[in-house]
2 protein chains.
Amino acid sequence: MLRNYPQNFVDLYDLNNVMFEPYTLKDIAKALGLSTSTVSRALRDTHEISAETKRIVLEYAQKINYHPNPIALSLKERRSRSIGVSLSEVANHYYAQVINGIESIAYDRGYHVIITQTHESYDREKVNIDHLASRSVDGLLISLSAETSDTSHLHHLHQRGLPMVFFDRVAAKINTHKVTANNEKGAFEATEHLIKQGCKRIAHLTSPDHLSISIERLNGYRQALEKYNLPLEETYIKYCPQGGKSRLETENAIRELMNLSEKPDGIFVASDRLSIGCLIAFKKLKISVPEDIEITGFCNSDVLDLIEPTLTSVSQPAFEMGQLATAMLIDLIESKYPVYDFEKKILDTSLYIRNA
Amino acid sequence: MLRNYPQNFVDLYDLNNVMFEPYTLKDIAKALGLSTSTVSRALRDTHEISAETKRIVLEYAQKINYHPNPIALSLKERRSRSIGVSLSEVANHYYAQVINGIESIAYDRGYHVIITQTHESYDREKVNIDHLASRSVDGLLISLSAETSDTSHLHHLHQRGLPMVFFDRVAAKINTHKVTANNEKGAFEATEHLIKQGCKRIAHLTSPDHLSISIERLNGYRQALEKYNLPLEETYIKYCPQGGKSRLETENAIRELMNLSEKPDGIFVASDRLSIGCLIAFKKLKISVPEDIEITGFCNSDVLDLIEPTLTSVSQPAFEMGQLATAMLIDLIESKYPVYDFEKKILDTSLYIRNA
DNA sequence: AACATGGCCGGGAACGATTGCACACTTATT
DNA sequence: AATAAGTGTGCAATCGTTCCCGGCCATGTT
């Protein structure tokens, strides 16, 4: 006698038959009259399986296009062969290039890449990273959000042994591998270029002061001023707490600078988004380059050659940074012994001089 | 009744837990002297567990920051709560915006997003998608690569029941949900704008002819010419097989157009990358806009307002497209009944007129 | 002839979670 | 007082894979 199934039971059952159900070891074993262990060993080419059995199994596996279930493997091996990435925004050519670098290495070494965006929010960063960690990523590649000054959420994971490598915006307090551009030198060269162009009052527009990149780029700016005996004016340094996330933030900073009694005649901008935001603000406020002010800035945009006004830019080796960070992370993940000796790799930037 | 366990158990456990080994149900069960099933049920708030036991379990779980192992869950539930995305390139503002749309919905509905890039290569697309499918993604969001004309690899997965939704560059032969911009109308408006500016000989630079977007945009272009009684010249239509992946490809196409005895006086460009490539080629070849030629093109770049020469652009609602495609995919994934009724959503584009 | 060796293979536990079923115990109903 | 109903908990199977352990047979050694 038939049990009284809910009305939709049959449909559900049918659906499950149609649904995407890959073949398993058990299927092969059943079809060939072998045990799953034998099939598993045959496929892994163990020495204790006869050549004949191996041939039969391999042939059949090929025929039905068998692939081991990666989820089951992950559970068994307690690793997911995936790495998590946390960065502020993919809609930024610098980070897009970094991602390409990350992928190129991860792909070759058999890892998946899961990208998450913080949109410069600390809370979002925390949620994303917890999510990644609980999703059993084998390691993390991190560039901090603009809002992040407290890194204890990362510290905790790191303490528990989750491998992580920082790039770009690194955490001072966490002792692990780090990859950055030579921010000091890049900032120095950018500022020096303004000085050589004849600027005397050079402003500096930058990200929040707690970020590693802000500190380092400020240092380079300061050193250039010192070298050429120009005074460091605190009023010329403008921080954007949101890293220029909103256009208004950048615009207001520019407005304040240009309202000073002694207007700056040059400005060194410390990040991609701020550089673009600055140019947009100039356009809106009808500030002309280089007549009213000269500008240099960190920027990896691919259309800088088309942009008016022209921007002399400091470009970071983004692709290589992604590659290097990923290689270091995978080395950490695959290391058989705990690693205590961490290094910080610093890659040179390039100054692209564009004259108006 | 309360079980007796050593007060220092937790501390000891922590000490042993040097490597990143998340807590399991078994750990909680052992610590509290319960069975794993009881713990599981307590955490899932089943009615058959006493309030007191629930309190104890919940409290302890909170204290050690327990999270169920998602890999084990995936194995059990035969789903990964993740969706795979295949697109050509994240370093493209249009796709970056789509990704933001995808993430916004996926995040809310509890899904992970795994992004893969084809870099316009058919082989890469095949490998990525097979990889995603074998990683047990619950569904796929796909915009085809420029090289992809044969979609049988996708057809096979779709036949086997893997939910997929196409956006932007859709597969004609696969019957599933699709989300696109109103490419015909967008192309029509862009071409019409050139005509209204006085152009008589309008060229069309586009992606490979097998892509849905190429076909639709060509249609719009053709309709505009027809409406205004302009002849359709085959020599004015240039296809870029790589979608403008290399700058040389675009440059050569422009060179050929400008070497024609009857040079075009306007050009409608069918994609983001080609539009930018076109402007770069103009700059290099010293072709001036609008004196030598007028130009309109599909483009979602965020810096169009800064670009010289100015580009009158057709902008796609990229964020909304990502949102819509994701919502449709998740509905497919979570549908209790097989879905046979698929729809194609078409979203309007916007024409941003920028005069030189 | 008795015993060790090794090749080949199957059984079953484990990874971490959920869940149907069985069982023990308490309380209510007849 | 006997039975039913309800409550709280544990056992064991399951998902797909790997791997330890042990069994069987054929061959080689003493």
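Only this structure's heavy atoms are used, side chains among them; waters, hydrogens and symmetry mates stay out.
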Rounded interatomic separation in angstrom, taking [atom1] from [X] and [atom2] from [N]:
X       : N      : atom1 : atom2 : value
A/Lys26 : D/dA13 : NZ    : C1'   : 10 Å
A/Asp27 : D/dC15 : CG    : P     : 11 Å
B/Ile71 : D/dT14 : CD1   : P     : 23 Å
A/Leu25 : C/dG10 : CG    : C1'   : 14 Å
B/His67 : C/dA17 : NE2   : C1'   : 16 Å
A/Glu48 : C/dG10 : CD    : P     : 12 Å
B/Tyr23 : C/dC15 : OH    : P     : 17 Å
B/Leu75 : C/dA14 : CG    : P     : 17 Å

### Message
Quick test of your reading of the model: are B/Asp45 and B/Lys54 salt-bridged, counting only N-O distances below 4.0 Å?
### Response
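B/Lys54 and B/Asp45: salt-bridged.
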### Query
Going by an N to O cut-off under 4.0 Å, is there a salt bridge joining B/Arg124 and B/Glu147?
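A salt bridge is absent here (no side-chain N lies under 4.0 Å from a carboxylate O).
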### Message
Rounding to 10°, can you tell me the angle the first-five-pair axis of the helix from C/dA1-D/dT30 to C/dT30-D/dA1 makes with its last-five-pair axis?
### Response
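End-to-end axis angle for the helix from C/dA1-D/dT30 to C/dT30-D/dA1: 70°, rounded to 10°.
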For the residue pair [Y] / [X], report whether a side-chain donor-acceptor contact shorter than 3.5 Å exists.
X        : Y        : answer
A/Ser152 : A/Asp150 : yes
A/Asp168 : A/Tyr95  : yes
B/Glu89  : B/His119 : yes

### Message
Counting only side-chain heavy atoms from C-beta out, which of C/dC15, D/dT9, D/dT17 sits nearest to B/Ile49?
### Response
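Nearest to the side chain of B/Ile49 among the choices is D/dT9.
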### Query
Quick one: which of D/dT9, C/dG16, C/dA17 gets closest to the side chain of B/Ser50?
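Closest of the options to the side chain of B/Ser50: D/dT9.
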### Query
Side chain of B/Glu125, backbone of B/Ser145: donor and acceptor closer than 3.5 Å?
yes
### Query
Are B/Tyr107 and A/His131 an aromatic pair by the rule of ring centers under 6.0 Å?
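Between B/Tyr107 and A/His131, the centre distance exceeds or equals 6.0 Å.
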### Query
So, for B/Ile114 and B/Ser82, which heavy atoms are closest and what is the spacing to 0.1 Å?
CD1-OG, 4.4 Å
### Query
Can you list, by residue number, the residues of residues 28-47 of chain A that have a non-hydrogen atom closer than 4.0 angstrom to DNA chain D?
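DNA chain D contact set from residues 28-47 of chain A: A/Ser37, A/Ser40, A/Arg41, A/Arg44.
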### Message
Would you say B/Tyr66 places a side-chain N or O within less than 4.0 Å of OP1 or OP2 belonging to C/dG16?
### Response
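Looking at the OP1 and OP2 atoms of C/dG16, neither is under 4.0 Å from any side-chain N or O of B/Tyr66.
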### Six-ring centre of B/Tyr60, B/Arg55 cation under 6.0 angstrom, axis tolerance 45°
no
### Query
Any donor-acceptor pair under 3.5 Å joining the side chain of A/Lys76 to the base of D/dT17?
no
### Message
Counting the atoms with a prime plus P, OP1 and OP2 as sugar-phosphate, which does B/Ser74 contact under 4.0 Å by heavy atoms, base, sugar-phosphate, or nothing?
### Response
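Counting heavy atoms under 4.0 Å across all strands, no contact is made by B/Ser74.
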